[in-house]
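Before we start, here is the structure in question, set down as structure tokens.
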2 protein chains.
Amino acid sequence: MYSIGDLSRRTSVKVPTIRYYEQMGLISAAHRSEGNQRRYEKADLERLAFIRHARDLGFDIPAIRELIALSRHPDLPCAGADRIAEDHLGAVRAKIEKLRKLEHELERIVSHCCGHSVEDCYVIRALSDHALCEAEH
Amino acid sequence: MYSIGDLSRRTSVKVPTIRYYEQMGLISAAHRSEGNQRRYEKADLERLAFIRHARDLGFDIPAIRELIALSRHPDLPCAGADRIAEDHLGAVRAKIEKLRKLEHELERIVSHCCGHSVEDCYVIRALSDHALCEAEH
DNA sequence: TCTTGAACCTATAGTCGCTAGAGGGATTAG
DNA sequence: CTAATCCCTCTAGCGACTATAGGTTCAAGA
């Protein structure tokens, strides 16, 4: 039997976050002590570690809910889980692509700025005048 | 004289967003018509285009506030603006780095999954067992 | 001039995944 | 038995908007 604090220390998930996950339906409502405090078992610890891991990999809460639901039906084909992971991978790649374009444009703007005063600062001028940009954004 | 809708169409900033920027102090409170509707001039349009452009480049609102303040003092050295842009570039690069690690790990997990049922799905197993991961995250 | 419909107004709540705080009760070590 | 630490619920805040409700003003056509 673990208290919520024990669970928190063992999974590195903060106490309020555990309560939040309960509210979001990612973990089922815990048993309570006589004094109404949450008491957890080993299965809860594993479940929470799963959630933590998925969050670290950037899955959002609805995706995690689906993954948990799938993991309770070992007989189903795993195409569902694969699709969730692939979709997420696609989203991560899209974000990287966007950020890379941003990086490129910012690099260009920063490196072009050799002025001394704000008046001829390339950073400010580029923001004021879209025509100074290389790509659309 | 532009109405808020004119301004919106010309800058591609949505009407509620323009009001939000006014609330956040990025644009000064507009003059009003007799019937209390906002009326803008060319200077407001340029200011809003500047903001839009900075947002597209990922600057957050406090940074934009600073950039606007700087752009009104053309005599100041432009090191302040440069630093804001460089800081932002650094943040963008850090995000890219994080996402690339995620991408790598997700690729690995997805590509290892050749199971047919959830029971031996590598996606689910990797989430359940952190030891299957290559890097810490 | 009147009417209609589009555009405008304010104020409030919702998004996401937590995090922080207030104000109180439970547990446990000494 | 007491004090320190933990735990409880409830509410509000973050950032940058977006959506909705309920009402007012404007502009163009009849």
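No experiment lies behind these values; they were computed from the predicted model shown. Labels below follow one simple rule: chain letters A, B, ... track the order of the sequence lines, proteins then strands, and each chain is numbered from 1.
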Checklist entry - For I61(A) and Y20(A), which heavy atoms make the closest approach, and how far apart are they? => result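 Looking at all heavy atoms of both residues, the closest pair is CD1-CE2, 3.7 Å.
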
Item to check | Which nucleotide in dG17(C), dA26(C), dC8(C) has an atom nearest any side-chain atom of S3(B) | outcome: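 Nearest to the side chain of S3(B) among the choices is dC8(C).
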
Checklist entry - Taking it one step at a time, do R47(A) and D44(A) satisfy salt bridge (Lys or Arg N to Asp or Glu O under 4.0 Å)? => result CA-CA 5 Å; R47(A) 166 77 76 91; D44(A) 299 307; over 6 Å; no

Checklist entry - In terms of the angle between their ring planes, are H53(A) and H130(B) parallel, tilted or perpendicular, with boundaries placed at 30° and 60°? => result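 Taking H130(B) first and then H53(A), their aromatic rings lie parallel (interplane angle under 30°).
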
Checklist entry - CD1 of I64(A) versus P of dG17(C): gap in Å, rounded? => result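 Answer to the nearest Å: 8 Å.
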
Next on the checklist: From CG of D6(A) over to C1' of dA26(C), roughly how many Å is that when rounded to an integer?
Outcome noted: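 These atoms are roughly 15 Å apart.
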
Next on the checklist: Just the rounded figure in Å: distance from C1' of dC9(C) to CD of E22(B).
Outcome noted: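 Taking atom C1' of dC9(C) as the reference, CD of E22(B) is at 12 Å.
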
Item to check | Whole-Å gap separating P (dC7(D)) and CZ (R19(A)) | outcome: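 Interatomic distance, CZ of R19(A) to P of dC7(D): 8 Å.
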
Item to check | Atom-to-atom span, CD1 of I51(B) to P of dA16(D) - whole angstrom | outcome: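 Between P of dA16(D) and CD1 of I51(B): 13 Å.
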
Checklist entry - Counting only side-chain N and O atoms of R55(B), is one of them less than 4.0 Å from OP1 or OP2 of dC17(D)? => result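 Looking at the OP1 and OP2 atoms of dC17(D), one of them is under 4.0 Å from a side-chain N or O of R55(B).
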
Checklist entry - Choosing from dC6(D), dC8(C), dT9(D), which nucleotide comes nearest the side chain of Q37(A)? => result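 Of the options given, the side chain of Q37(A) lies nearest dC6(D).
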
Item to check | Closest listed nucleotide, where the reference is the side chain of N36(B) and the choices are dC8(D), dC9(C), dG17(C) | outcome: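 Output: dC9(C).
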
Checklist entry - 5'-most contact on DNA chain C: E34(A) or Y20(A), nearest heavy atom basis? => result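 It is Y20(A), whose closest nucleotide lies nearer the 5' terminus.
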
Checklist entry - Given atom CD1 of I4(B) and atom P of dC26(D), what is their separation to the nearest angstrom? => result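 One finds 14 Å between P of dC26(D) and CD1 of I4(B), rounded.
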
Checklist entry - Is the phosphate of dC26(D), meaning OP1 or OP2, less than 4.0 Å from a side-chain N or O of R32(B)? => result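 Indeed not, no polar side-chain atom of R32(B) lies that close.
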
Checklist entry - What is the nucleic acid contact for R9(B), judged by heavy atoms within less than 4.0 Å: base, sugar-phosphate only, or nothing? => result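 No contact.
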
Checklist entry - Looking only at side-chain N and O atoms, does Y21(B) come under 4.0 Å of OP1 or OP2 in dC17(D)? => result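 Affirmative; the distance criterion is met.
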
Checklist entry - What integer distance in Å separates I18(B):CD1 from dC17(D):C1'? => result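 After rounding, the reported distance stands at 13 Å.
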
Item to check | Side-chain N,O (R38(A)) to OP1/OP2 (dT9(D)) below 4.0 Å | outcome: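 Result: yes.
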
Next on the checklist: salt bridge (Lys or Arg N to Asp or Glu O under 4.0 Å), that's the test. Do R100(B) and E103(B) meet it? Break it down for me.
Outcome noted: CA-CA 5 Å; R100(B) 250 214 279 267; E103(B) 183 192 19; 6.0 Å; no

Checklist entry - Would you say a side-chain N or O of S33(A) is under 4.0 Å from OP1 or OP2 of dT27(C)? => result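 So the side chain of S33(A) is within the cut-off, an N or O lying under 4.0 Å from OP1 or OP2 of dT27(C).
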
Item to check | Given DNA chain C, 5'-ward residue of the pair T17(A) and G35(A), judged by closest heavy atom | outcome: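 So the residue in question is T17(A).
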
Item to check | Electrostatic pair E86(B):R83(B) at N-O distance under 4.0 angstrom | outcome: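 No, no charged N to carboxylate O under 4.0 Å.
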
Checklist entry - Taking atom C1' of dG17(C) as reference, at what distance in whole Å does atom CG of L48(A) sit? => result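 Roughly 15 Å, once rounded to whole Å.
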
